[in-house]
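I have placed the structure first, in the form of structure tokens, so that the comments after it can refer back to it.
Computation of the quantities below employed the complete heavy-atom set of this structure, encompassing side-chain atoms and omitting hydrogens, waters and symmetry-equivalent molecules.
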Amino acid sequence: MIRRLLGACVGVALVMAAGACDSSKETGPKDDGGDIQSPSDDGGTDDGGPGDGGTDPIPGDGGTDPLPGDGGTDPLPGDGGTDPIPDGGTQPTTPEGPWPTDALTNYSAKYDIPKVRSVGVDAAHNIWVLNGSQIGVLRAGTDRVLWTRQPIGQASLGLGPEADKLATNSTVICGGKAGEAYVGYMTNDVITQGQRIPGRGEPDFTELHYFEFQKGDLDVVGVNGEGTDVVLREHLYRSAGSSRPSRNEPLGIRNSNDYHYDEDRSVYSCARVMRGAYEGEVYIGTNHGVTRIRGYEYSSHRHPTYMFVTTDPNTGATKRSQRAGYTFGLGLSQEGHVLIANDFKIGIIPPNAALEWWDSEERKPDMPASVEPAVYSLNTFVDPVSPGPEDNRDVEAPHNFWRGFQQTKDGLYYVASLRQGLWQFTGTPQRGNPKKLSDTHYVRIEGANTNDYTSLAATDDGSLFVGTAYSGLWRLTPDKQMEKVTGVSGGEVQQLVYDPRVTPSALYVLIDGRLFVLRGY
């Protein structure tokens, strides 16, 4: 059933070939290397973004040493490999946390923060901000941002489309443990040498391959021991999965089933788990799927996909190609289940305790009996805008550019598109299989005077905060009235980060590069 709810107040196709999860063609967001990149898409075609992974010579030795700033040491798996950071701060003992408790505060004005592209909050409520090669942290008890003195990690060779750069640009930042954060980067998503890259010592290995392996992905950064600079901790590379034999090479995020497949190259979204059994874990949405991170280890990746089926008119033979899309929409349900929204589909996955088996949909022969696979409870198209079969299609599914996925306190789900509006649906347990959901009773939410949405945040008072591409910040109240949020000026909401760990709770709103914080929802 489809109906509309009126408020009372005012592309990307990834083709995956046979193999670990191989990709061969991408159309997606472009980036010009400028200072502020907001999650948007121009609808045009692009062979994976700036840079082609190309054939230009690589300066120096082509990447045979560890990444710049890595120090060449091997931290212990899981603990970050560093001693506690003296200036990283600790979890506040007062329920209010370390920041103003006013209902609305313009942090950009109060703390002299320039325009930034992303914001995150770590375990000690330090506020991290990102803009190009600059990484900053506003530490609890201070009134000015501490910025990197020089570019570090993936930005250390400069940012841009040239083949000798490790990234074309930075994208998102998520808070980690006290005094640390995860910084995402983008690079060319299609590799001219093919998505399978040989490892060092293998017959077809080249230094160009090795350097290509290291591009994009995710850095872990932190405040140094003196509290005077933001430094690189590690370029994330420690797979918890079966690619464990490659753990000692800083190759970045690879497929956890086979490290030769470098598919998750560009990070476009991130979500930190703020409470529950897995508090402190981080999920990142990439050009290929969703990777789960615990400390300095990861498991990659999951992606709601469908099969595009073509038939040869002469022979009648059929060919199946797997389709996935960029993941810009990440959220967590009221139970802590992972909510995934990519350019085609949406999915819900209850996380399992064993990180090394996060990438497993089904039980495998070598999986311990005590371990449960992480099985989708929902993996579907949004019917009103993408009707048709769930798995096999003989026509391409429409690019719906989903940008947000949340569940409110009343149990209803909401999914937001950059072009197709905001939709509410009911997640109904399937008969005979209560662990599986069906998406039913779709309702189109009106009232914000737009079809172009960028982000969502569900809050503990039952509200849903709604970010738009041009019309600013809105709130769907617990009684389902859409209202404009006054005092938060601007047009494009780039990010919403909700922190329920403090009382009153805090909602971080990044709009037109400026940071506002709402308390008490």
Within the 3.5 Å criterion, strictly below it, is a donor on Gln406 or Tyr498 matched to an acceptor on the partner's side chain? no

If we ignore hydrogens and angles and just use 3.5 Å, is the side chain of Gln430 paired with the main-chain N or O of Lys436 as donor and acceptor? no

Is Arg254 close enough and on-axis enough to Tyr298, meaning under 6.0 Å and within 45°, for cation-pi? no

Hey, does the Lys NZ or Arg CZ of Arg200 hover above the aromatic six-ring of Tyr210, less than 6.0 Å from the centre and inside 45° of the axis? yes

Name each donor-acceptor pair under 3.5 Å that joins a side chain in residues 365-373 to protein atoms two or more places apart or in another chain, with its distance.
none

Are the aromatic rings of Phe425 and Tyr414 close, with centres under 6.0 Å apart? no

With the threshold set at 4.0 Å, does a side-chain nitrogen-carboxylate oxygen contact exist between Glu356 and Arg294? no

Asn451 and Arg419: side chain donor to acceptor below 3.5 Å: no

Between Lys215 and Asp189 (salt bridge meaning N to carboxylate O under 4.0 Å), is one present in this structure? no

Test of ring centre spacing under 6.0 Å for Trp474 and Tyr453: no

Could you walk me through whether Asp391 and Arg320 pass the salt bridge (Lys or Arg N to Asp or Glu O under 4.0 Å) check? CA-CA 11 Å; Asp391 297 318; Arg320 290 158 49 90; over 6 Å; no

Arg265 vs Glu212 side-chain heavy atoms within contact, under 4.5 Å: yes

What's the shortest heavy-atom distance between Glu180 and Trp128, and which atoms? O-NE1, 3.5 Å

Take the angle between the ring planes of Phe328 and Tyr326 and call it parallel below 30°, perpendicular above 60°, tilted in between. perpendicular

Taking Thr440 as the fixed residue, which of Thr428, Asp383, Thr426 is the one that meets the side chain to side chain donor-acceptor pair (under 3.5 Å) rule? Thr428

Results of side-chain hydrogen bond (donor to acceptor under 3.5 Å, both in side chains) for Arg272 - residues two or more places apart only: none

Looking only at non-hydrogen atoms, find the nearest pair between Met482 and Leu422 and report the distance. CE-CD2, 4.0 Å

Donor-acceptor pair, distance only, cut-off 3.5 Å: does the side chain of Ser386 make one with the backbone of Pro398? no

Sequence neighbours excluded, which residues qualify as ring-ring contact (aromatic ring centres under 6.0 Å, His included) partners of Tyr376? none

Decide whether Thr286 and Asp264 meet the rule of one side-chain donor and one side-chain acceptor closer than 3.5 Å. yes

Just wondering, do Trp402 and Val382 contact through their side chains at under 4.5 Å, heavy atoms? yes

Is it true that, when you exclude Phe205 itself, more than 12 heavy atoms of the residues, nucleotides or ligands shown sit nearer than 6.0 Å to its CZ? yes

So, Tyr268 versus Arg403: side-chain donor-acceptor pair below 3.5 Å or not? no

